[in-house]
Structure formats: C-alpha cells, structure tokens
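Sending over a structure as structure tokens; questions will come in a sec.
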Amino acid sequence: MRLLSEDGGPAGPSLVYPDLAAEVSRREAAGSPRWVWAAADEAYPWLLDRGAPRLARCHDVKLVEGLLLGHEGRHRRPRSLGAAWARLEGRPEPEDPPESGADDQPVLFAADRHRLPPDADPLTALVAVHAAQQRRIAGSGHPERMRLLCAAESAGALAAVEMGRDGLPWSARVHDDLLTGLLGPRPAGGARPAVLGDLALRIQDALGAPVNPDSPAQVLPAFARAGVHLASTRSHELRGVEHPAAALLLRYKELSRIHAAHGWAWREAWVRDGRFRPEYVVGGVVSGRWATRGGGALQIPRLLRSAVVADPGHRLVVADAGQLEPRVLAAMSGDVGLARAAGEGDLYAALARDAFAGDRPRAKIGLLAAMYGQTSGEAGQLLAVMRRRFPAALALVESAARTGEAGGVVRSRLGRTSPAPSADRFRDDTADPDDGASPDRRAARSWGRFTRNFVIQASAADWALAMLAALRRRLAGIGPEPRLVFFQHDEVIVHTPAELAGLVADAVTAAGDEARRLVFGPVRVLFPLQTHVVECYADAK
DNA sequence: AGCCTACGCGCC
DNA sequence: AAAGGGCGCGTAGGCT
C-alpha cells in the first residue's frame, strides 16, 4: 500500500506501507489530516474493514469533480479520477464506471477502478487532479462557498458510509406485530395475505365484475360501468367517491402497499442483526439531496416508525429542521417581511398573521406555490398576495424560473448548479410568446418550475449537509458511541447511550447554528431544529 | 426472460 | 389562461 509522504507534493516520493489501515490510524491520531482519495465510497469501507478508525476529514475527488463540472456548465462529463486526469492531460475521457454497490476491491489506488489508462500512475494522477481541483475552486465566483461545499459533500461521503454500515435500529418483533395486526399472520411461501385476497373479492362483488385491484386499466372501466367516472384511481380521487367499492379499494391499496413495500420480504432483504442498512448515495440528486439504493430508506412510512427502537440503555435523538425551505428563501432573498416571519418558530403562523388575516393554511399554500410554481386553483390568488407583501422573496424565485425558461442555469447558495436542460426535454421558443400552449412552451415552463425550486431545494441541501458535517464532528467530540444512524433531507437521527442524549441534543442545536452561520452568514433568520429524545422513532412526532 | 414505460404511492 | 419541485420502488402490461 502506498501513501504520499507529507513532504511529497506532486513530484515527491510515495511511501509504501504493508499495513495501510494501521498507518492511516497513526496519522489520524497524530494530527487532523484531510485524506485525499479518488472516491470515499470505495476507499473508506475498505479501510474500515481493515480496522482503520473513523476519519475526520477527506477530499473526495469524484464528488468534488461533479460539483466543479456542474459549476462550469459541464454536468454530463464523467467524474471519475481517470476522467478528470484525462481532461488534464488532454486525452480522451473514459466513461464513468456504472454505479454499483459495495465491493471488495482489494487495493486503494487501483487504476482500473477509476478508469485510468494502464500507463498512468494512480497516485500521480490523484495528486495532479487534486491540485487542479484546488485551482478551480479558487477560481470559482465564490471560492469560500465552493470550498465549504466541497468539504461538506466530502464529509457527507464519510457519514454516508458510516451510516450504511451502522444501520438504523429496527425491531423485527415490533415490525412483525404491526404487520400481523394489519395483514393477519404471515402466509407461507410469500403468498398474498388472506386479508388482501378477501378485500379483492369484496371489491369485485361491489363492482359486479372481476377486476385486479392493482390494475388501473381494469379498475377504471369497472367503476365506469358502475356509473362512477374517474380520471384516475389515485387515492385522493377515490376518497371523494360514494360507491362502496371505493372505500374497499382504498383499504386494499393501503394494506397491499405495506405488504409489498415494507412487509416480511422487505425485512428479510434489508434488516439484519436488528439494523436496517440502506446504501446512501451522496450526490445522487442534482439538488444535492442524497438518494438511497435499496430498501426505500427515504420513505419509511410513518405507520412503521414504531419499529425503529433504540437498543436497551440507549435513546434516539431525532431532530428535524421544520419549515426549512421557506426559511432558506427568507435568508437568501433578504426579504424583510419574510425574514421577520422566519425569525419566529412557526413561520407559517407569522406569515398568516402578517399577510393572510391569520389564515395559516392559506399562508402555507401561498408560500409553497411561490416555491413550487403552482398557480392553479386558489394558489394564483394567494401568490398575488405573496408578491405584494414579500416582493424580494418572490423576485428571487421568479427570476430563477425565468432563467430556467430561457434555458439558463441557476445555483444554490454554496454554488451547486442546476443542469442545463437537455435538447430533447427543452427547446427555447421565447421568440414566440403568443403560442402559449405549444409543447415547447410547456416544456420551458416546466423547466422554469424546476429551476425555481432548485435554488431553494439545493440551498436547503447546502444547509443540511453543512449541519450534518458539523454534527458528525461534534458527535466525535462527545465520544465513539453516539452514532448518526439516519439522514433524510432535513432530518437526522442519532443513536446514543441514554446518559449522553443531552449532550447529543446540544450538539444538534449547535450544529444547526453553525450551518446557518457558515452557509448564510449573519442573517436573522432562524433555522430551528426540533429535537426529541425518544426510545422509539414514532414518539418523535 | 429481460427491458421499458405508465401508473401509483410512500417520504421530504 | 394555464402552468405543483425532488426522489425510490412496487405492479401491470407492452416490447424485444
């Protein structure tokens, strides 16, 4: 195993260590190095498997390359170390390898893993690409912001590996009791629970026709024959239907979804040793949100959250940033009225009091419409109120929408950049504004809604990532036991010995403040993290 | 059989 | 006048 010596630099010698994990351990304890590697999702599990400690900091070349390419308007170029190095050398770029799950790649800087040509020395390439990335960061419009973004993204990569390995505490017994209560005893051989078959029969009786309740193509005509004309079989539409089959179908949908998506088969696939271990994909969403592979980790139904139970003597510290996106809009736009509302704990209530005659639901709809670009129904009217009372906030989102409609790109607070619209999804026809309903125009408006939301969602992700990185560092300061076990957009769960839960809760609050300061500077907007110390996730709401 | 899209629903 | 953002993943039903 090789490691670049401290005084090495691009031309310096590399050192060879028979036991790299031990050397990494020694250096991590001796100082606070920032480890530079091609991709944390490959190198870090490999090191942890061999006894390396948790590492404080890293620079993930692949993730940083993705951020820089996006910022430079080259979203679709390959991001691997080999591709970045080939661009530096003026060689043809290799395609990125297909994303895949964990593997047992036995070496850290193996050329083929990163699409390096056979004659390239991986360590030389890594050093050269890292240096070039530092120059590109320094040359970006806001170097401090881009540096922070790259550091937070890289820290996120460490947290993602750790969370995927630690897993979310999951009680098979509680889960089983829930399933049995809803679906009856587990049928043998993966068969459909009797409750579902029974509901299907009752639906057929009610409709007077044999239908598969899972098939909208069969259900719609069956309802039509019964005199009920529906545009779709979506739940919100069925809820307004008097026909007895509607209620039965709604119950069927609810239960069959639990069975199919989070039933016994799901648990056998994803829960081992009392832990649900999804694979987090950092940078999996262009806005900077994480994705997951397998297990649907970002959609754990509320109904099943009672199965998330702390170990004996432990607690879950559950923290979520309420109303994050409107607070982000307030902080970024500097809108005086919205910032005043965002200086309070319940932003929507403050907004309602200040501008919507105390009607909180209408205030919420108006604000969401501004951020999502909704104008149908009541939203259009509420939007007019928003525009009059919060002009700076509306100007920000509407400017982002216009940029997108014209084919331009927008950036988050820290510089994460929206992709340019692809030619097949978008053609600019602003020269022909009278043709209001043309497919091209609709596509442009759709892209405008995307960029409108991007500036908010991506800046919220900036904050969340900075918060996660700060929290991870603060938890390490408490000790080895408190562990991040879940992260979902604006929510984190820490699993900790009960006696440390108070310290963990304090660390959460401090991390939120730190993220606000780092990402948005000295703004009055609050980003409150609601923190609950519980034994069971379901008790946190 | 595998691959693709449409639909629908869970989460934020 | 009208225009609701981002995901993962299940089944159905068509295709090769």
Side-chain angles (χ1 to χ4, degrees), chain A residues 192 196 211-220 230-238 249-250 252-263 265-266 269-270 278-281 283-305 320-325 328-329 364-380 382-383 397-398 400-401 404-405 410 418-419 433-439 441-461 464 486-492 537 541:
Chain A
R192 185 163 76 163
L196 291 178
V211 297
N212 175 354
D214 287 320
S215 169
Q218 293 178 30
V219 170
L220 282 183
L230 300 167
S232 74
T233 63
R234 291 180 186 171
S235 300
H236 70 87
E237 196 160 350
L238 288 171
L249 184 55
L250 281 169
Y252 174 90
K253 280 170 173 285
E254 186 183 5
L255 293 181
S256 82
R257 179 163 180 90
I258 295 278
H259 177 243
H262 286 94
W266 173 86
W270 296 105
E279 183 184 358
Y280 292 91
V281 184
V285 183
V286 288
S287 67
R289 283 183 170 183
W290 290 8
T292 55
R293 250 194 304 264
L298 301 185
Q299 45 181 126
I300 300 171
R302 290 177 176 277
L303 190 61
L304 294 186
R305 293 185 180 183
D320 77 291
Q323 308 166 340
L324 175 58
E325 296 196 348
V328 165
L329 174 58
K364 183 173 177 178
I365 291 170
L367 191 41
L368 293 178
M371 295 192 298
Y372 289 160
Q374 179 188 13
T375 53
S376 65
E378 189 188 21
L382 299 175
L383 210 49
V397 289
E398 288 175 351
E405 289 188 26
V410 295
S418 70
D434 287 336
D435 186 13
S438 78
R441 190 73 197 118
R442 280 203 302 278
R445 278 194 297 254
S446 168
W447 198 260
R449 284 191 298 279
F450 168 65
T451 52
R452 171 196 291 261
N453 184 251
F454 183 95
V455 292
I456 308 293
Q457 186 184 118
S459 300
F486 190 63
F487 173 56
Q488 180 189 36
H489 312 322
D490 61 358
E491 179 174 9
V492 293
Y537 188 18
K541 294 291 177 191

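In the text below, chain A, chain B and the rest are named by the order of the sequence lines, each starting its count at 1.
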Within the 4.0 Å heavy-atom criterion, would you say A:Gln457 contacts the bases, only the backbone, or no part of the nucleic acid? base
Check the pair A:Arg441, A:Glu405 against side-chain contact (heavy atoms from CB on, under 4.5 Å), reporting the backbone distance first and the verdict last. CA-CA 8 Å; A:Arg441 190 73 197 118; A:Glu405 289 188 26; 2.8 Å; yes
Taking the side chain as every heavy atom from C-beta outward, state whether A:Leu368 and A:Gln374 have any atom pair closer than 4.5 Å. no
All N/O pairs under 3.5 Å across the protein-nucleotides 7-10 of chain C interface:
residue	atom	partner	partner atom	Å
C:dG8	N2	A:Arg257	NH2	3.2
C:dG8	N2	A:Gln299	NE2	3.0
C:dG8	N3	A:Gln299	OE1	2.9
C:dC9	OP1	A:Gly294	N	2.5
C:dC9	OP1	A:Gly295	N	3.3

Describe the nucleic acid contact of A:Ser215 in one word from base, sugar-phosphate, nothing, applying a heavy-atom distance below 4.0 Å. sugar-phosphate
Expressed as a whole number of angstroms, how long is the span from A:Lys364:NZ to C:dG4:C1'? 14 Å
Length of the CG-P vector between A:Leu329 and C:dG5, whole Å: 17 Å
A:Ser235: partners by side-chain hydrogen bond (donor to acceptor under 3.5 Å, both in side chains), with sequence neighbours left out: none
Above 12 or not: heavy atoms from other molecules or residues under 6.0 Å from CZ of A:Arg192? yes
What nucleic acid atoms does A:Asn212 come within less than 4.0 Å of, heavy atoms only: base, sugar-phosphate, or nothing? sugar-phosphate
Distance in angstrom units between A:Leu382 CG and C:dG4 C1', rounded: 14 Å
What verdict does the side-chain contact (heavy atoms from CB on, under 4.5 Å) test give for A:Leu230 and A:Leu238, after you've listed the backbone C-alpha separation in whole Å, the side-chain angles of each residue and the deciding distance to 0.1 Å? CA-CA 8 Å; A:Leu230 300 167; A:Leu238 288 171; 3.9 Å; yes
Without decimals, in angstroms, what is the distance between A:Met371 CE and C:dG6 C1'? 13 Å
Once you measure the plane-to-plane angle for A:Phe450 and A:Phe454, does it fall in the parallel (<30°), tilted (30-60°) or perpendicular (>60°) bin? perpendicular
Is it the case that the side chain of A:Arg452 and the backbone of A:Ala370 share a donor-acceptor pair, with hydrogens and angles ignored and the cut-off at 3.5 Å? yes
Using a 4.0 Å heavy-atom cut-off, does A:Arg452 contact any base of the nucleic acid, only the sugar-phosphate backbone, or nothing at all? nothing
Of all nucleotides in DNA chain B with an atom under 4.0 Å from a non-hydrogen atom of chain A, which is the first and which the last going 5' to 3'? B:dC7 to B:dC12
Closer than 4.0 angstrom, basic N to acidic O: yes or no for A:Lys253 and A:Glu237? no
Just the rounded figure in Å: distance from P of C:dG4 to CD of A:Gln374. 7 Å
Remember a base hit wins even if backbone is also touched, and classify A:Arg289 as base, sugar-phosphate or nothing at under 4.0 Å, heavy atoms. base
Which nucleotide wins on minimum distance to the side chain of A:Asp214, given the candidates C:dG6, C:dA2, C:dT11? C:dT11
Once you round it to whole Å, what is the distance between C1' of C:dG6 and CH2 of A:Trp447? 12 Å
Check step by step if side-chain contact (heavy atoms from CB on, under 4.5 Å) holds for A:Asn453 and A:Glu325. CA-CA 10 Å; A:Asn453 184 251; A:Glu325 296 196 348; 4.3 Å; yes
At 4.0 Å (heavy atoms only), tell me whether A:Gln218 reaches a base, stays on the sugar-phosphate, or touches nothing. sugar-phosphate
Any A:Gln488 side-chain heavy atom under 4.5 Å of A:Thr292 side chain: no
Hey, does A:Leu368 reach any base, or is it just sugar-phosphate, or nothing, if we go heavy atoms under 4.0 Å? nothing
Please indicate yes or no: is the ring centre of A:Tyr372 less than 5.5 Å from the centre of the six-membered base ring of C:dG5, with the two planes inclined by under 30 degrees? yes
For A:Lys253 and C:dA12, what is the distance between atoms NZ and P respectively, to the nearest whole Å? 12 Å
How close or far is atom P of C:dG4 from atom CD of A:Glu398, stated in whole angstroms? 15 Å
